[in-house]
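Remember, predicted model here, so these are calculated numbers, not experimental data. Order of appearance sets the numbers: ligands from 1, and atoms from 1 within every ligand. Excluded from the calculations below are hydrogen atoms, water molecules and symmetry mates; all remaining heavy atoms, backbone and side chain alike, are included.
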Amino acid sequence: MSVALPSRPLGSTGLAVSALGLGAGRIGGPETTDADVDRLLGTALELGVTLVDTARSYGASEERLGRSLQGRRRSVVLSTKLGYGVPGVPDWTGPSIEAGVDGALERLRTEIIDLVHLHSCPREVLERGEVIEALHRSVRMGKVRVAAYSGENEALDWAVRSGAFGVVQCSVSLVDQGVLSGALPEAERRGVGVLAKRPLGNAPWRFETRPDAPDVAEAWERFGVLQLDPAGLAWDALAARFAAFSPGVSAILVGTASPAHLALAARAIAEGPLPDVVLDPIHAAHARAGQGWPGRI
Ligand SMILES: NC(=O)c1ccc[n+]([C@@H]2O[C@H](COP(=O)([O-])OP(=O)(O)OC[C@H]3O[C@@H](n4cnc5c(N)ncnc54)[C@H](OP(=O)(O)O)[C@@H]3O)[C@@H](O)[C@H]2O)c1
């Protein structure tokens, strides 16, 4: 099972992460059992995955990870996202961050969370300062190791330049190339770690016809417009390698409930960067047809 998964510094945080992280957005629903999560996490650790990302809004994902990580918490850099959904507390306020951190600590059954992202927090809220101050207080209190931001477009650009965050999370994929010439080089210059979300572009090649979910439908439409040639590679391997080796990306967060799919991504990354003969037409297709596509939140 062992594959040569690279480990990389996470910006200037002092943490290191495997180039492949487990996106735990698909293990929060009723179709998933605790035993499924144990198996998925077991496979992740065997593969050398040392990064797991969840969020308050991913159903029972945090609780299940908390249970499954008992006894192996130190094996992973644990990341979550919050800012909303605390009963009786208005979203995107200082108290929603502080109570959100306390709730996440409890659900994840840990004493410290490595990365806490403000989850799609609008730019105006960031600029007000209150939520950033509350997150920094959680860091000073030893509840959170690194303050992080997750989002897109002008809010992401603001977050990268603000100096307030050690890590940002944004969409990077075949159908999400806008950040390659914007937020990513800026983050790299500033020592901000970057986690690539939706790295497979929601795997749009799976669908013959327009999928129902609006975010996946948008990816599918973009994929149709780009008319990419997989150059003889499997789409999943091509997509994983594209995102994982995009300059500035510290790690990709593949969203999966399937140990087999996680292993496919790990093996693809172990193959290394795509050769220029494959990469150049992908960038050219985006330059031709994808200019101005906004970042998919
Ligand atoms: N901050 C945010 O607002 C935000 C938003 C979106 C995502 N994220 C983060 O990024 C992670 C990934 O995002 P995502 O799940 O939206 O997108 P993604 O990783 O690009 O795509 C995941 C989809 O592809 C499927 N898949 C995975 N490997 C496959 C393979 N080898 N062949 C075919 N299908 C495959 C998965 O289904 P299976 O379960 O069947 O593998 C799932 O439906 C999330 O878990 C989360 O951590 C964050």
Side-chain angles (χ1 to χ4, degrees), residues 17 20-29 31-32 36-37 39-40 43-44 47 49 51-59 61-62 64-65 76-85 115-122 148-153 155-156 159 165 167-177 179 183 194-207 211-220 222-223 230 233-244 246 249-269 294-297:
V17 290
L20 172 63
L22 169 62
R26 292 188 39 79
I27 60 163
E31 67 288 353
T32 300
D36 293 333
V37 176
R39 259 193 305 277
L40 183 62
T43 299
L47 290 166
V49 169
L51 169 67
V52 178
D53 178 68
T54 181
R56 176 70 188 111
S57 58
Y58 296 169
S61 175
E62 288 185 329
R64 288 180 177 148
L65 282 176
V76 296
V77 169
L78 185 55
S79 162
T80 194
K81 309 189 278 301
L82 48 75
Y84 48 82
L115 315 176
V116 169
H117 297 77
L118 300 177
H119 195 180
S120 311
C121 179
Y149 176 75
S150 173
E152 299 291 332
N153 305 312
L156 172 67
F165 303 103
V167 169
V168 295
Q169 183 172 147
C170 57
S171 296
V172 183
S173 77
L174 298 171
V175 298
D176 300 284
Q177 297 189 41
V179 289
V194 175
L195 303 183
K197 64 184 169 78
R198 302 185 188 275
L200 306 181
N202 298 99
W205 58 86
R206 292 175 294 170
F207 306 103
D212 289 337
D215 57 340
V216 185
E218 188 175 13
W220 181 81
R222 290 182 181 188
F223 188 65
L233 297 170
W235 280 116
D236 54 359
L238 178 78
R241 290 168 73 186
F242 178 81
S246 285
V249 167
S250 314
I252 67 171
L253 301 168
V254 168
T256 188
S258 154
H261 281 170
L262 196 66
L264 280 169
R267 281 191 217 107
I269 292 171
R296 290 186 309 129
I297 292 166

Which residue holds the protein heavy atom closest to [atom], what is that atom called, and what is the gap in Å?
atom: atom 46 (C) of ligand 1; value: Y58 OH, 3.2 Å
atom: atom 26 (N) of ligand 1; value: H261 ND1, 3.8 Å
atom: atom 12 (C) of ligand 1; value: L253 O, 3.1 Å
atom: atom 13 (O) of ligand 1; value: R198 N, 3.4 Å
atom: atom 21 (O) of ligand 1; value: N202 CA, 3.5 Å
atom: atom 27 (C) of ligand 1; value: L200 CD1, 3.4 Å
atom: atom 1 (N) of ligand 1; value: S150 OG, 2.6 Å

[X]: numbered ligand 1 atoms lying under 4.0 Å from its heavy atoms:
X: D236; answer: 30 (C), 31 (N), 32 (N)
X: S120; answer: 3 (O)
X: D53; answer: 9 (C), 46 (C), 47 (O)
X: A203; answer: 24 (O), 34 (N)
X: I297; answer: 3 (O), 5 (C)
X: Q169; answer: 1 (N), 8 (N), 9 (C), 48 (C)
X: T256; answer: 38 (P), 39 (O), 41 (O)
X: A24; answer: 45 (O)

Q.
Check this for me, if you would: do R64 and D36 make a salt bridge, where the nitrogen-to-carboxylate-oxygen distance has to be below 4.0 angstrom?
A. no

(Q) Under 4.0 Å between a side-chain nitrogen and a carboxylate oxygen: does that hold for R198 and D215? (A)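 D215 and R198: salt-bridged.
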
Q. Can you name the nearest heavy-atom pair linking V216 to F207, along with the distance?
A.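 Reported closest heavy-atom pair: CG1-CE1, 3.5 Å.
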
Q.
Restricting to non-hydrogen atoms, name the atom on L238 and the atom on P230 that form the minimum distance, rounded to 0.1 Å.
A.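 Answer, listing the atom of L238 first, then P230: CD2-CA, 4.0 Å.
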
Q: Would you kindly specify which portion of R206 sits under 4.0 Å from ligand 1, judged on non-hydrogen atoms: side chain, backbone, both or neither?
A: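 The answer is the side chain.
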
Examine [X] against ligand 1 and note whether any of their N/O atoms are separated by less than 3.5 Å.
X: R26; answer: yes
X: G255; answer: yes
X: L264; answer: no

Indicate yes or no: at least one non-hydrogen side-chain atom of [X] is less than 4.5 angstrom from one of [Y].
X: P294; Y: E152; answer: no
X: L47; Y: R267; answer: no
X: I269; Y: I252; answer: yes
X: V167; Y: L195; answer: yes

Q: Kindly write out the residues that satisfy side-chain hydrogen bond (donor to acceptor under 3.5 Å, both in side chains) with E62, not counting sequence neighbours, or none if the list is empty.
A: T80, R107

Q | From CA spacing to verdict: salt bridge (Lys or Arg N to Asp or Glu O under 4.0 Å), D176, K197 | A | CA-CA 10 Å; D176 300 284; K197 64 184 169 78; over 6 Å; no

Q: For Y84 and H119, indicate whether the former's side chain and the latter's backbone hold a donor-acceptor pair under 3.5 Å.
A: no

Q: List the steps and the verdict of side chain to side chain contact (heavy atoms under 4.5 Å, CB included) for V194 and C170.
A: CA-CA 7 Å; V194 175; C170 57; 4.1 Å; yes

Q) Who pairs with F223 by ring-ring contact (aromatic ring centres under 6.0 Å, His included), at least two apart in sequence or on another chain? A)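 If we apply the ring-ring contact (aromatic ring centres under 6.0 Å, His included) test to F223, skipping adjacent residues, the hits are W235.
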
Q. Is it true that W235 lies under 4.0 Å from ligand 1, counting heavy atoms only?
A. no

Q. Counting heavy atoms only, which of H119, R296, K197 comes nearest to atom 7 (C) of ligand 1?
A.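 Comparing heavy atoms across H119, R296, K197, the nearest one to atom 7 (C) of ligand 1 lies in K197.
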
